[in-house]
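Comments concern the structure below.
Nothing here was measured: the structure is a model prediction, and the numbers come from that model. Scope of the values below: all heavy atoms of this structure, side chains included, with no hydrogens, waters or symmetry mates.
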2 protein chains.
Amino acid sequence: MTITIKDVAREAKVSVASVSRALNGNGGVTAATEQRIREVAARLRYVPHGAARSLITRRTHTIGALLPDLHGEFFSELIRGIDLEARSHGLHLLVSSSHDGADDAAAALRAMQGRVDGIVILSSPGVDAEFLEANLPEGLPSVLLNSDVKSGTAAVLNIDNFAGTYAMVRHLVALGHARIAFVCGPKDNYDARQREAGFRAAMAKLAPGEPLRIVSGNFSESSGYLAARELLAGKTRPQAVFAANDMMAVGCLQAFKEAGLAVPGDIALAGFDDIPIARYVTPPLSTVRVRIAELGKNAMDLLADLMDRPGSSAASVHTLGCDIVVRDSCGAHRGGAATTTTTTKKPRRSSSR
Amino acid sequence: MTITIKDVAREAKVSVASVSRALNGNGGVTAATEQRIREVAARLRYVPHGAARSLITRRTHTIGALLPDLHGEFFSELIRGIDLEARSHGLHLLVSSSHDGADDAAAALRAMQGRVDGIVILSSPGVDAEFLEANLPEGLPSVLLNSDVKSGTAAVLNIDNFAGTYAMVRHLVALGHARIAFVCGPKDNYDARQREAGFRAAMAKLAPGEPLRIVSGNFSESSGYLAARELLAGKTRPQAVFAANDMMAVGCLQAFKEAGLAVPGDIALAGFDDIPIARYVTPPLSTVRVRIAELGKNAMDLLADLMDRPGSSAASVHTLGCDIVVRDSCGAHRGGAATTTTTTKKPRRSSSR
DNA sequence: TTGTAGGCGTTATCAC
DNA sequence: GTGATAACGCCTACAA
C-alpha cells in the first residue's frame, strides 16, 4: 500500500537508518549515498508517516485551537491570525470547535492528546479554571484567550476591553454627549463583563452626575434592536448609545432608523469590535477596534515561546490594547484615534488588576 | 511524564491488553475488571496517545482541509460548514492554508500524510490536475472543491456558478434592464470563469441584440470601484451592472454614489455570493446566494462516503445550486427567489457540461 | 477471561 | 559512514 521507509531502503540498497539520516539531513552519510537515497525517495514518492514520526520524536509540529464556535468574524479572524503565525513557525493547525459546552470541550481536549505540541484555548462559559485543571493535559503548553482564569500553567492573553470602553466613553463625552446609555453583552461572557466594567468606571469618572442607563443584550443584532427600542421607550432619550459589540450596534441603528431618528444628528451610536460590516452601514459606525488577527498571532507567539522551553511554568498575563476608530455615527469627525498600549504582566500571581 | 497504558495496567494489576480492551469497549473482559480499569484510568487521567493509536489503527479520525487562504467570508464559512459536519462524523479538522502557491500546497499535502484519513481541497491557481496527480497521496480519499479538474480518484464538488449568473441575468432582463454590464473576476479563478461564461450565455439568449460590455476586476472592492468608474466613463451608461462577486459590487456602489447616481433609480446593481455585508449596504444588495456552509457540509459528506468504502475510486462530479436573493439594489422588489437545484452527476468521465 | 508477544513506521543508540 | 536493533504507545492475534 502506502510506501514506507523500508521500501526506500530496499530500493536504494541501504538500511532504513541511512534513509532516515539522509532524508533528515542529520549528516553521517556520504554525499553520494544521500544523493542516491533522495532520488529513490523522490521516485517512489516517499513521504514519512506523520504519526509514526511523532511517536518517537515526541513532536507533532501541530498546535491545537479550541474554540467555542466557528461562527462570525471574530473566530475566523482569530483562526486566520493563529494560522498565519503558526505557518511561519512551521506548525500546523488542528481546530476544534466545541458547540455543546464543557463536556464537548473536554472530549476535544482529550482527542488532542498526542496530536498537538501546544494549544490555544478561547474561553467560553463552561471553560473555567477548574475545567482546565481537570482537563488540560499536564505539561502541554497552552495559551488562554479572553479569560479571567489565573492558571498556574498557562499563559493568558486578553483584549483590553476595559481600556477600550473607557476610551470610547471619553471620546463621546468630549463630543458633548453626557447621557450615554450602554447595551451590554451576555453576563457569562468575559469580554462582555469587562466592557461593562469599563463603561461603569468611565462614566463614574467622566460623567459623574449622570445616572447609569444600562440595558442588556446578548451580542446579537436582534438583541441590539430590542435594547434600542427599550431605550427609546424611556422618558429621556439618551444622547448616545454605546453597544458592547458591533452587531448590537447595527441592531440599534435599525431601530433608530425605524423611529425616524437621525444618526448622529438625533442620537449618537458606537460599537465595539470593528467587524467589516461596521464600515459599510450608513452612517459608518464608530467603534473600538480589536485587532483580532493580531490577537491570534500574539497567542501563537506566546505558545511558541512556551513550547521552546518546556517545563518553565511561565504563567503570565498579557493584554492586547485596542484603538477607537472614529467614523460618522457619533458625530464630529475627528482625525486621531486613541490607542491603548499593549502591555505584558510578568508572572506575578497576585490578583492585581 | 505523560502517563501511558502501561501505567494504567500496572496500577490496575492487569495487562496492557486488558486495559486496551476495557477502554475500547471491545468486550472480552469482566465487568468487574473493566470497572476497575476505568476507575484507575480516570484517576490517572489517562488519555490514549493519538499518534500511537493511529499508527496501529490506520485511522486518525481527522480530515484535512487545504485552502489557498483563510481570508474573507467564503473561507470562514466553508471551514465552518466542514467542521460542523466533521464533528457529527466524529472527525477532527486539520486546516492548512497555502499562501505561496503550488509549492506551498505540495508541502502542506505532504505534511498531511499519516495525519488525516481524507482531505478536502479547495482549488486555487497552482492546484490543477497535474499537481494533484503528482502530490495527492495515493489512496487518500479526497474531495475537490470549485475545480474543473476531472480527477480519476477524487470527487469533485462545484457551485453552480453558471446557473446562478444565468438566473440573475434573467431577473435583470425581466425587470427591463437590457443594457447589462458585467464586472468579471480574476481569469485564473475557476468560479470567476464560470460566472463570466454564465453571463455570456445568458446575454446571448436573453438579450440577443445587446453588445456585450464586460470589464475586468479581481474580486476586490477597489477593483469593483475602478470597474464602475470605467463603465461610467463610457458613452452609454449601462442600465444595470452585475458584478461577479459582492465585494466588487460594493465597490461599484461607492463609485455610483460618488458620481451622484441613485441605485437602483439611475442604475441597477447586483452581486454574487451573498456575503453578510450585502444586507447592510444602502441600498441592500441583490445577489446570488451561495450556501457556503452547505458547500462545506456536502464536501464533508462526500468525503465521509469515500472514506467508508476505500478503494472504490468513485470519481464523481457534484454541483450545488444557488438562489438569487432580490433586495433593493436592482429595483422592483419581488418576493420569490429562483432556485437552482442541486444535481449530482455519477461517475461518467465524459466532458459533458 | 486474561496475558504474552509481535508489529505499526519512524528515529536514536549503539556497535562495527 | 553504515547497519542492526531497541524504543515510542498502542492494538490485536494467539496462547494459556
Donor-acceptor contact below 3.5 Å, side chain A:Arg115 vs main chain A:Leu94: no
Selection from D:dC11, C:dT11, D:dG3 that lies nearest to any side-chain heavy atom of A:Asn24: C:dT11
Residue whose nearest DNA chain D nucleotide is more 5′ - B:Thr57 or A:Arg21: A:Arg21
Nucleotide nearest B:Thr30 when distance is taken to its side chain, options C:dT1, D:dC10, C:dA12: C:dT1
Whole-Å gap separating P (D:dC10) and NE2 (B:His61): 15 Å
N or O in side chain of A:Thr33 less than 4.0 angstrom from D:dT2 OP1/OP2: yes
Any B:Ser54 side-chain N or O less than 4.0 Å from OP1/OP2 of D:dC10: no
B:Lys297/B:Asp301 salt bridge by N-O under 4.0 Å criterion: yes
Given C:dT2, D:dT12, C:dT11, the nucleotide with the shortest approach to the side chain of A:Val16: C:dT11
Expected output: side-chain B:Arg21 to main-chain B:Glu34 donor-acceptor under 3.5 Å: no
Candidate nucleotides D:dT12, D:dC10, C:dA12, ranked by approach to the side chain of B:Asn26 - the nearest: D:dT12
A:Arg58 (side chain) and D:dG9 (base): donor-acceptor pair under 3.5 Å: no
Atom-to-atom span, CZ of B:Arg59 to C1' of D:dC10 - whole angstrom: 17 Å
Distance, rounded to the nearest Å, where A:Leu23 contributes CG and C:dT10 contributes C1': 12 Å
Below 4.0 Å: OP1/OP2 of D:dG9 and any side-chain N or O of B:Arg53: no
Carboxylate-amine/guanidinium proximity below 4.0 Å for A:Arg80 and A:Glu77: yes
Nearest-angstrom distance from the residue atom CG of A:Leu55 to P of D:dG9: 7 Å
Main-chain N/O of A:Arg53 paired to A:Thr57 side chain as donor or acceptor, under 3.5 Å: yes
A:Ile56 CD1 - D:dC10 P separation (whole Å): 14 Å
Whole-Å distance separating the CD atom of A:Gln35 from the P atom of D:dG1: 17 Å
Short side-chain N/O contact from B:Ser20 to OP1 or OP2 of D:dC11, under 4.0 Å: yes
First of B:Ala52 and B:Glu34 reached from the 5' end of DNA chain C, by closest nucleotide: B:Glu34
Ionic contact status for A:Arg87 with B:Asp104, cut-off 4.0 Å: yes
Interatomic distance, A:Arg36 CZ vs D:dG1 P [rounded to whole Å]: 15 Å
B:His49, nearest nucleotide to its side chain (from D:dG9, C:dG3, D:dC11): D:dG9
Distance in angstrom units between B:Lys13 NZ and C:dT1 C1', rounded: 19 Å
Phosphate OP1/OP2 of D:dT2 contacted by A:Ser15 side-chain N/O (<4.0 Å): no
